[in-house]
Amino acid sequence: MSILVQALAAGATVVTPNNRLARDVAARFDAAQQAKGARAWTAAKALPWTLWLDRLWRAALAARVQPAPPALLDQSATRALWHAIVARHGRDWL
């Protein structure tokens, strides 16, 4: 059994860069559980970065941590900020 499957079985959360990889990790975990003969198991916690960050942010808001977490940017604001940063620094990053 792979380390990833073992970690998921133990309740770890795997954070991926996108939805597709999160679904693939969960599917591979399910396949590993079926291959070992399990008939039922707890679903794998494989989350794309954006969903993981949103859940973490909401948990911080609910816990009323101080100082309060900064607002999350939506996808279009994030993209605009990223383009501005790249335009400002351009070739300096290559």
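- Here the side chain of Trp57 pairs a donor or acceptor atom with the backbone of Pro70 at under 3.5 angstrom.
- No path of Ile, Leu, Val, Met, Phe, Trp and Tyr side chains, each step under 4.5 Å between heavy atoms, connects Val25 with Val15, placing them in separate hydrophobic clusters.
- Atom CZ of Arg58 and atom CG of Leu72 lie 8.5 Å apart (nearest 0.5 Å).
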| field | salt bridge (charged side-chain N to carboxylate O under 4.0 Å, His left out) between Arg20 and Asp24, worked out | value | CA-CA 6 Å; Arg20 186 179 348 168; Asp24 185 66; over 6 Å; no
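- Between the CD atom in Gln34 and the CH2 atom in Trp41 there is a gap of 4.0 Å [rounded to 0.5 Å].
- Here the closest non-hydrogen pair linking Gln33 and Ala9 is NE2-CB, 4.2 Å.
- Side-chain contact of Trp49 with Asn18: a donor-acceptor pair under 3.5 Å is absent, judged by distance alone.
- The CG atom of Leu56 lies 10.0 Å from the CG atom of Leu61; values are rounded to the nearest 0.5 Å.
- Exactly one residue among Leu8, Leu21, Leu47 makes a side chain to side chain contact (heavy atoms under 4.5 Å, CB included) with Val14. That residue is Leu8.
- Shown here for Ala26 and Ala44, the closest heavy-atom pair between the two residues is CA-CB, 4.2 Å.
- Linking ILVMFWY residues whenever their side-chain heavy atoms come closer than 4.5 Å, directly or via other members, leaves Leu73 and Leu51 in distinct clusters.
- Interatomic distance, CD of Gln75 versus CH2 of Trp82, reported as 14.5 Å (0.5 Å rounding).
- Atom CG of Asp74 is separated from atom OG1 of Thr50 by 12.0 Å, given to the nearest 0.5 angstrom.
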